[in-house]
Number of protein chains: 2
Amino acid sequence: MKRTYTCGLDAAIAVMGGKWKGLILFSLGEGPLRFGELRRAVAGISERVLILQLREMENSGLVHREVHQQVPPKVEYSLTEFGRSLNAAMAPLGEWGEDNLQRIEAIP
Amino acid sequence: MKRTYTCGLDAAIAVMGGKWKGLILFSLGEGPLRFGELRRAVAGISERVLILQLREMENSGLVHREVHQQVPPKVEYSLTEFGRSLNAAMAPLGEWGEDNLQRIEAIP
DNA sequence: CAGTATCCAATGCGATACTG
DNA sequence: CAGTATCGCATTGGATACTG
């Protein structure tokens, strides 16, 4: 991050930056997911980008990464308390998008 | 836009894309602003980028652009009804950012 | 399964200068 | 005042192949 924000919205957007973090947050909202499950949940994302986004979100304290030592490997991602609070704050935005899907998709 | 969204949040984020649209929306929330006023309100943005973002938001139906024929030129930007509805949906996110400013700024 | 490693393309963004 | 025109770098994202 390393910047100063002019308002809360500014800061929130910086944390949510990029095309995918919102979706990842949303997908983890229901409960923990393994890497592969998450990749399927966030349709269209590449492995590389998913990892990058997850690492950033871990770094921001939004996501917790838990490694279960076993074969085959199992890694679970979940929201932290902080992540859940952001998730809740995003809910109205999600509803807005839901309500206006038609209109948004019609934008040239 | 020209894509299909997997959920409302996805769609909303597509509309809000980029680093500045949230701030512009927020700045116009209080009422109409002229180009120059807006440029000062959204501190740090370049003229070029501000125009680009405004055009996109006009195109999305979020912002209305009104030209007053006079010398010197006067152009006012305001939120449409659609823009105001999005603004309202973003409010909780703005509050979240406000409440967590310290923490967000501390992210490495 | 859960990642890394490369490489490449797109585009976002910033700075600056100029104009009706 | 309200834009346009250029230029160029930095970041982001995508495709694919490989590994512990």
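Throughout, a chain's letter reflects where its sequence line sits, starting with A, and its residues are numbered from 1.
- Each of A:P73 and A:G17 lies near DNA chain D, and the nucleotide nearest A:G17 is the one positioned closer to the 5' end.
- The NZ-C1' distance, from B:K21 to C:dG12, rounds to 10 Å in whole Å.
- With a 4.5 Å cut-off on side-chain heavy atoms, B:L9 and A:M90 count as touching.
- Counting non-hydrogen atoms of neighbouring residues, nucleotides and ligands closer than 6.0 angstrom, the CZ atom of A:F26 reaches no more than 12 such neighbours.
- The cluster map of Ile, Leu, Val, Met, Phe, Trp and Tyr, joined by side-chain heavy atoms under 4.5 Å apart, puts A:M16 and A:L52 in different clusters.
- Atoms CD (A:E76) and C1' (C:dC1) sit 13 Å apart, rounded to a whole Å.
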Apply side-chain contact (heavy atoms from CB on, under 4.5 Å) to B:V15 and B:K21, showing your working.
CA-CA 9 Å; B:V15 176; B:K21 295 209 183 80; over 6 Å; no
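- At a threshold of 4.0 Å, the pair A:R40-A:E37 does not count as salt-bridged, since none of the basic side-chain nitrogens sits closer than that to a carboxylate oxygen.
- Annotation: the span from A:L50 atom CG to A:R55 atom CZ amounts to 9.5 Å, rounded to 0.5 Å.
- OP1 and OP2 of D:dC1 both lie 4.0 Å or more from every side-chain N or O belonging to B:Y77.
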For the pair A:W96 and A:I104, evaluate side-chain contact (heavy atoms from CB on, under 4.5 Å) and give the outcome as yes or no after the intermediate values.
CA-CA 11 Å; A:W96 180 89; A:I104 295 171; 3.6 Å; yes
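- The shortest distance between the side-chain N/O atoms of B:K19 and the OP1/OP2 oxygens of D:dT11 is not below 4.0 Å.
- Atom CD in B:Q70 sits roughly 12 Å away from atom P in D:dC1 (whole-Å rounding).
- Out of D:dG13, D:dG3, C:dG14, the shortest distance to the side chain of B:R65 is found at D:dG3.
- In this structure, of C:dG14, D:dG13, C:dA2, it is C:dA2 that holds the atom nearest to the side chain of A:R34.
- Considering only side-chain atoms of A:F35, the nucleotide from C:dC1, C:dG3, D:dC1 that sits closest is C:dG3.
- Within a 6.0 Å radius of OH in A:Y77, more than 12 heavy atoms belonging to other residues, nucleotides or ligands are found.
- Using a 4.0 Å cutoff on non-hydrogen atoms, the parts of residues 38-56 of chain A near DNA chain C are A:E47, A:R48, A:I51, A:R55, ordered by number.
- In DNA chain C, consecutive stretches of 3 or more Watson-Crick or G-U wobble pairs with both distances under 3.5 Å are given as paired ranges: C:1-20 with D:1-20.
- With a 6.0 Å radius and a threshold of 12 heavy atoms from other residues, nucleotides or ligands, A:Q70 has its CD atom above the threshold.
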